[in-house]
Amino acid sequence: MSSTEKPAAVSVPNVVLQSSFNMPVIGFGTGSEANDNDTIKAAAIEAIKLGYRHFDTASIYDSEQPLGEAFAEALQLGLINSRDELFITSKLWLSDNHPHLVLPALQNSLQNLGLEYLDLYLVHCPMSAKPEIRKFPYNEDELVPFDMKGVWTSMEKCHSLSLTKSIGVSNFSTKKLEHLLSFATIPPAVNQVELNPSWQQKNLREYCKTKNIVITAFSPLGAKGASWGSNDVMDSELLKQIAHAHGKTVAQVSLRWLYEQGVTFAVKSYNKERMKQNLDIFDFSLTNDDYQKINHIKQERKLKNGPAAFDLPDLFDGEN
């Protein structure tokens, strides 16, 4: 390979959002409780070399700036020809989840990323915190009422200003989506939620399908290693059996299952080999027997209270 020749990269399929834009089904996740700028930047550059084009961040992740540096370097190195080849998602945090703070928050994210626009901007959670308190998780006295209609109107303004091509939500239940759709001029293109073989969210998936809302799964492998995550997916004996039968890893089986459900996902790994494996899911299919096994996996939501440090039983409106 010559010094100017680009390395071979995996071609990831797209889904078409109701905003008519293409979104790669696999996103490179950057949500972590221990993010390090140099690590993120190096991993993102490696991800672009491997074929990742969708990058998922959020203001609370503290990964926007190193991602922006990685995108600039990828352009300089010729790994991509233009910023338009990338699909960048970021999210509005609870402390900015107020009508008058949405636009400044998006502008701040764009500045951190060194971009002129986002491809997708999400309301991170249907909750608001006091503007001066930016943290995770929150105590009860740090939260304030969420003005969903006011915030969404501001999100729509960001779209009209061409600062983001699409707008959407995260951690929204069917009940909250129903309320949002009752007044939205621009419906949410995406709902990003916890979803994996141990939390399959069938009702929510079916509802979003009827409303043409694409679901993106966060924690598609169960967030093993996170303070709130679990080993339920990666240590599942049923998934191990399926993986062995296909000559694949448990992670690849889990991601393939999501893909076959029509679910997109943001998967986080900064390990080069696992990053490659997470893209290598398009050369096999799950069987009916595989589906029977996956349907028997015990179901449990892990992020029960979202960004709250206390019991919040109504956050997901009792959905299971």
Side-chain angles (χ1 to χ4, degrees), residues 6 9 12 14-31 35 37-38 40-49 51-93 95-124 134 151-170 184-190 192 214 216 264 266:
K6 292 182 185 178
V12 176
N14 293 313
V15 291
V16 181
L17 303 178
Q18 57 180 302
S19 53
S20 299
F21 292 103
N22 289 330
M23 181 176 82
V25 299
I26 301 179
F28 184 78
T30 62
N35 266 333
N37 283 8
D38 292 339
I40 297 167
K41 180 180 176 181
I45 292 170
E46 187 59 42
I48 291 172
K49 291 178 181 177
Y52 289 90
R53 292 297 180 266
H54 178 184
F55 290 83
D56 182 87
T57 183
S59 62
I60 195 64
Y61 296 167
D62 291 329
S63 59
E64 291 176 331
Q65 186 174 335
L67 279 178
E69 292 173 2
F71 302 152
E73 188 162 322
L75 275 166
Q76 190 177 19
L77 293 172
L79 300 175
I80 51 175
N81 294 316
S82 77
R83 178 264 180 266
D84 295 346
E85 293 179 27
L86 301 176
F87 188 101
I88 313 301
T89 299
S90 195
K91 309 179 193 76
L92 177 76
W93 189 235
S95 52
D96 293 315
N97 212 5
H98 306 272
H100 68 291
L101 295 179
V102 175
L103 179 57
L106 173 52
Q107 290 170 328
N108 189 59
S109 286
L110 290 173
Q111 184 176 2
N112 288 339
L113 287 158
L115 300 177
E116 294 182 356
Y117 67 90
L118 290 178
D119 296 278
L120 178 63
Y121 196 43
L122 305 178
V123 176
H124 208 145
R134 181 180 182 274
V151 165
W152 193 251
T153 299
S154 296
M155 293 285 286
E156 291 176 333
K157 181 179 180 182
C158 291
H159 177 268
S160 70
L161 292 171
S162 299
L163 296 178
T164 181
K165 290 186 173 182
S166 303
I167 53 176
V169 296
S170 182
T185 302
I186 303 172
V190 168
Q192 186 175 132
V214 170
T216 297
T264 65

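The shown structure was predicted, so the numbers you read here are calculated from the model rather than taken from an experiment.
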Undergrad: Do Met23 and Val214 have side chains that get closer than 4.5 Å, going by heavy atoms?
TA: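 They are in side-chain contact.
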Undergrad: With sequence neighbours excluded, tell me which residues meet side chain to side chain donor-acceptor pair (under 3.5 Å) with Thr57.
TA: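 Thr57 satisfies side chain to side chain donor-acceptor pair (under 3.5 Å) with Ser63 once adjacent residues are dropped.
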Undergrad: Can you tell me if Ser154 uses its side chain to pair, donor with acceptor, with the backbone of Pro99 under 3.5 Å?
TA: yes
Undergrad: So, Thr89 side chain and Asp56 main chain: donor-acceptor pair closer than 3.5 Å or not?
TA: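 Flag not set: sc Thr89 to bb Asp56 has no pair under 3.5 Å.
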Undergrad: Please list all pairs meeting salt bridge (charged side-chain N to carboxylate O under 4.0 Å, His left out) that have one or both residues in residues 66-77, counting only residues at least two apart or in different chains.
TA: Lys41-Glu73
Undergrad: Supply the atom-to-atom distance Lys157 NZ to Thr164 OG1, rounded to the nearest 0.5 angstrom.
TA: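 Going from the NZ atom of Lys157 to the OG1 atom of Thr164 covers 15.0 Å.
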Undergrad: Who are the side chain to side chain donor-acceptor pair (under 3.5 Å) partners of Glu64, not counting sequence neighbours?
TA: Ser90, Ser109, Asn112
Undergrad: Above 12 or not: heavy atoms from other molecules or residues under 6.0 Å from CD of Gln107?
TA: yes
Undergrad: Using the side chain to side chain donor-acceptor pair (under 3.5 Å) criterion, which residues pair with Ser95? Sequence neighbours excluded.
TA: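 By the side chain to side chain donor-acceptor pair (under 3.5 Å) rule, Ser95 matches no residue at all.
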Undergrad: Report the residues that fulfil side chain to side chain contact (heavy atoms under 4.5 Å, CB included) with Leu110, sequence neighbours left out, ordered by chain and then residue number.
TA: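 Once residues adjacent in sequence are excluded, the partners of Leu110 under the side chain to side chain contact (heavy atoms under 4.5 Å, CB included) criterion are Leu106, Leu115, Leu118, Leu163.
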Undergrad: Using the side chain to side chain donor-acceptor pair (under 3.5 Å) criterion, which residues pair with Ser166? Sequence neighbours excluded.
TA: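 Per chain and number, Ser166 pairs via side chain to side chain donor-acceptor pair (under 3.5 Å) with Ser19.
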Undergrad: Under the side chain to side chain contact (heavy atoms under 4.5 Å, CB included) test, which residues partner Ala44, sequence neighbours left out?
TA: Phe55, Leu67, Ala70
Undergrad: Within this structure, what is the CG-CG distance for the pair Asp62 and Asn37, rounded to the nearest 0.5 Å?
TA: 8.0 Å
Undergrad: One pair to check against side chain to side chain contact (heavy atoms under 4.5 Å, CB included): Val169 and Leu122. What are the steps and the verdict?
TA: CA-CA 5 Å; Val169 296; Leu122 305 178; 5.8 Å; no
Undergrad: Find out whether Lys91 and Val123 are in side-chain contact, i.e. whether some heavy atom of one side chain is under 4.5 Å from a heavy atom of the other.
TA: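 No - every pair of side-chain heavy atoms lies 4.5 Å or more apart.
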Undergrad: For residues 100-123, which residue pairs qualify under ring-ring contact (aromatic ring centres under 6.0 Å, His included), counting only residues two or more places apart or in two chains?
TA: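 For residues 100-123: none.
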Undergrad: For residues 97-109, which residue pairs pass the salt bridge (charged side-chain N to carboxylate O under 4.0 Å, His left out) check, not counting sequence neighbours?
TA: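 Residue pairs with at least one partner in residues 97-109: there are none.
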Undergrad: With a 4.5 Å limit on heavy-atom distance, are the side chains of Leu79 and Ile45 in contact?
TA: yes
Undergrad: Under a 4.5 Å cut-off applied to non-hydrogen side-chain atoms, are Thr153 and Val102 in contact?
TA: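 Thr153 does not reach Val102 side chain to side chain.
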Undergrad: Could you list all the salt bridge (charged side-chain N to carboxylate O under 4.0 Å, His left out) pairs where at least one residue sits in residues 101-122, not counting sequence neighbours?
TA: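 Those involving residues 101-122 are Arg83-Asp119.
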Undergrad: Any side-chain heavy atom of Ile40 within less than 4.5 Å of one from Gln65?
TA: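 A side-chain contact under 4.5 Å is absent here.
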Undergrad: Just so I know, are the side chains of Phe71 and Leu86 near enough to count as touching, which here means a heavy-atom distance under 4.5 Å?
TA: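 Of all side-chain heavy-atom pairs linking Leu86 with Phe71, at least one is under 4.5 Å.
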Undergrad: How would you list, by chain and number, every residue that makes a ring-ring contact (aromatic ring centres under 6.0 Å, His included) with His54, sequence neighbours excluded?
TA: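 Testing His54 for ring-ring contact (aromatic ring centres under 6.0 Å, His included), a comparison that skips the adjacent residues, returns Phe87.
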Undergrad: Only counting residues at least two apart or in another chain, list the ones meeting side chain to side chain contact (heavy atoms under 4.5 Å, CB included) with Glu156.
TA: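 If we apply the side chain to side chain contact (heavy atoms under 4.5 Å, CB included) test to Glu156, skipping adjacent residues, the hits are Trp152, Ile167, Ala184, Thr185, Ile186.
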Undergrad: Is the shortest side-chain heavy-atom distance between Asp96 and His124 below 4.5 Å?
TA: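 Asp96 vs His124: side chains apart.
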Undergrad: Do you know the tightest heavy-atom contact between Ser59 and Trp93?
TA: OG-CB, 3.4 Å
Undergrad: Any side-chain heavy atom of Arg134 sitting closer than 4.5 Å to one from Ile60?
TA: yes
